[in-house]
Every structure is written in C-alpha cells, then in structure tokens.
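Data first, discussion second: the structure below is written as structure tokens.
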Amino acid sequence: MADGESPGGVKAAAVVRPPGSGVIDCLEGFTRILQGQGYLVRGLIQRNAPETSPCGCTTMLVDLDTRAEYRINQDPGPQSSCCHVDTSGFTEASHVLHRAMAADTDLIVVNTFGKLESRGQGLADEMLAIMALGIPLITTVEGPSLSLWRDFTGGLAGEIPPNCGGLMRWWDGVRPRGLPRAFRNTPKTARPTTP
C-alpha cells in the first residue's frame, strides 16, 4: 500500500509527526500550494502565539479562509504553571468546519487529532461528519497518539510520513479530477472573431 493510501477508501489521512515537529508549517504550506492551483481548501491550522502568558503557551486555531483566530487554551493564572484546554475555543472554531462542509470544498484541514478528539470531544464530531460526506480530510497526529487515530477511524484512514512529498502523494490519490473547482466558474474571455 502506498504512503497515505487509505486502507478502507476513506478520503482522510493523518500526518504522523514526532512531538514538537514543524509539520504544522508544512501542512500550511501544502494548503497554500493547493489554493494557488485553484483548489478550494478550508479548515483550521494551529499556531502557537509568542509567549505572552506566564505559562508560556497560547495556542490558536486559525481559519484558512478568514484568518480569524480561536484561542484553545486558558491561562490558569500565577498559581499554576500549565495552560489548560479551553473547550469553548473548539466550539467557536467548529463553525469554520460546518461552513466548509456546507460550501463547495475540495479539502478540509483540521489542525490536529489528539486526546480530546479520541474521547469524542474537541472537533471529533466535525471530523466524522467530514469523512461521512466523502470530503477529503487531512489532519496531523503525534506518533504516541497514532493508535487513538486508528481506533477513531476504525483503521480506515491513511497515514502520511511527516514531509510535504507524502502530502502530495496522498492528495494525488484523493483530489477531484478535472479542472480545479475555483476555475470552473471563471468567465471565459471572449475570443476575437476573424472577418
């Protein structure tokens, strides 16, 4: 089976990354390439803001369309050294995925799959809905959580090595064929007539 090929034919895959890797940057670059080719790519990319809180962690989900940011952690204050997940941030960000499912979309990006999603929280419902609709879905998962991803998808989704080549090979297997959607409704320029 080729890298990233989905064993069950589901158009979903996770980039399997080592903890702390720069795969999120690669994933964002990949989405920008596809958008430049005329594919309609929507979803959420994770970014860590500069360390402005005492605990040193400010994590945002960024809408690929509007660049709106949704904070997904809470600063617990001076008594604690660790930030906590803010589930309200995921609830707000989930609207981005609902909008993507309702629109013409070639690919939906969901920043990462983790423990929240494996417990049916976070963006789990939206990810399952995207897969059920047959819209290609790409996410990332840290190596130690790979078994959770396999359980979540029933082993039907693909796994991609942490490089842009792996992403491109996976995309070639699931992408819509023909003219990219963004160019399908572009008005044709009038051709000059010859006398």
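Treat the numbers as computed from the prediction; the structure is a model and nothing was measured.
- With a 4.5 Å cut-off on side-chain heavy atoms, K115 and L148 count as touching.
- Of the possible polar contacts, one joining the T139 side chain to the V110 backbone as a donor-acceptor pair under 3.5 Å is found.
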Next item on the list: Step by step, work out the side chain to side chain contact (heavy atoms under 4.5 Å, CB included) result for V62 and Y70.
Entry: CA-CA 6 Å; V62 181; Y70 305 91; over 6 Å; no
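- Here the closest non-hydrogen pair linking D172 and R175 is OD1-NE, 3.3 Å.
- Looking only at side-chain heavy atoms (C-beta outward), L167 and I138 come within less than 4.5 Å of each other.
- The distance from atom CD1 of I135 to atom CD1 of I130, rounded to the nearest 0.5 Å, is 6.5 Å.
- With hydrogens and angles ignored, the 3.5 Å screen pairs a side-chain donor or acceptor of Q35 with a backbone N or O of V41.
- With hydrogens and angles disregarded, a donor-acceptor distance shorter than 3.5 Å links the side chain of E117 to the backbone of L123.
- Remark: R169 CZ to C164 SG distance equals 10.5 Å, nearest 0.5 Å.
- A salt bridge does not link R71 with E92: every distance from a Lys NZ or Arg NE/NH1/NH2 to an Asp or Glu carboxylate oxygen is 4.0 Å or more.
- Taking both residues in full, the closest heavy atoms of W149 and A13 are given as CZ2-C, 3.9 Å, listed atom of the first, atom of the second, then distance.
- With a 4.5 Å cut-off on side-chain heavy atoms, W171 and I160 do not count as touching.
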Next item on the list: Carefully, step by step, assess H98 and S94 under the rule side chain to side chain contact (heavy atoms under 4.5 Å, CB included).
Entry: CA-CA 6 Å; H98 287 279; S94 70; 4.2 Å; yes
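- Between F113 and F152, the ring planes are tilted. Angles from 30° to 60° get that label.
- Under the 4.5 Å side-chain heavy-atom criterion for grouping Ile, Leu, Val, Met, Phe, Trp and Tyr, L133 is not connected to L40 through any hydrophobic cluster.
- Across all non-hydrogen atoms, the minimal contact from P161 to V15 is O-CG1, 3.9 Å.
- Ion pairing between a basic and an acidic side chain is recognised when a charged N comes within 4.0 Å of a carboxylate O; R99 and D63 show such pairing.
- Residue G43 comes nearest to L97 through the heavy atom pair CA-CD2, 4.0 Å, listed as atom of the first residue, atom of the second, then distance.
- The backbone N or O of A100 lies less than 3.5 Å from a partner atom in the side chain of T105, making a donor-acceptor pair.
- Donor-acceptor pairing under 3.5 Å is recorded for the side chains of T112 and R17.
- Side-chain contact check for N73 versus M60: every heavy-atom pair is 4.5 Å or farther apart.
- Residues T59 and R47 are not in side-chain contact: their nearest non-hydrogen atoms beyond the backbone lie 4.5 Å or more apart.
- The shortest distance between side-chain heavy atoms of Q121 and T87 does not fall below 4.5 Å.
- Considering every non-hydrogen atom in both A93 and L61, the closest pair reads CB-CD1, 3.8 Å.
- Here SG of C26 is found 7.0 Å from CG of N163. Values are rounded to the nearest 0.5 Å.
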Next item on the list: Applying side chain to side chain contact (heavy atoms under 4.5 Å, CB included), run through M168 and I33 and close with a yes or a no.
Entry: CA-CA 10 Å; M168 287 300 191; I33 289 169; 3.6 Å; yes
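- Distance alone, capped at 3.5 Å, is enough to place a donor-acceptor pair between the T140 side chain and the N111 backbone.
- Rounded to the nearest 0.5 angstrom, E126 CD and M101 CE are separated by 5.5 Å.
- Taken from CG in L64 to CG in L107, the straight-line distance is 9.0 Å, to the nearest 0.5 Å.
- When all heavy atoms of W170 and P136 are compared, the closest pair comes out as CH2-CB, 4.1 Å.
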Check: Can you list the steps and then say if K11 with M131 is a side chain to side chain contact (heavy atoms under 4.5 Å, CB included)?
Finding: CA-CA 7 Å; K11 293 181 179 180; M131 287 186 264; over 6 Å; no
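- Under a 3.5 Å cut-off, the side chain of S145 and the backbone N or O of V141 do not form any donor-acceptor pair.
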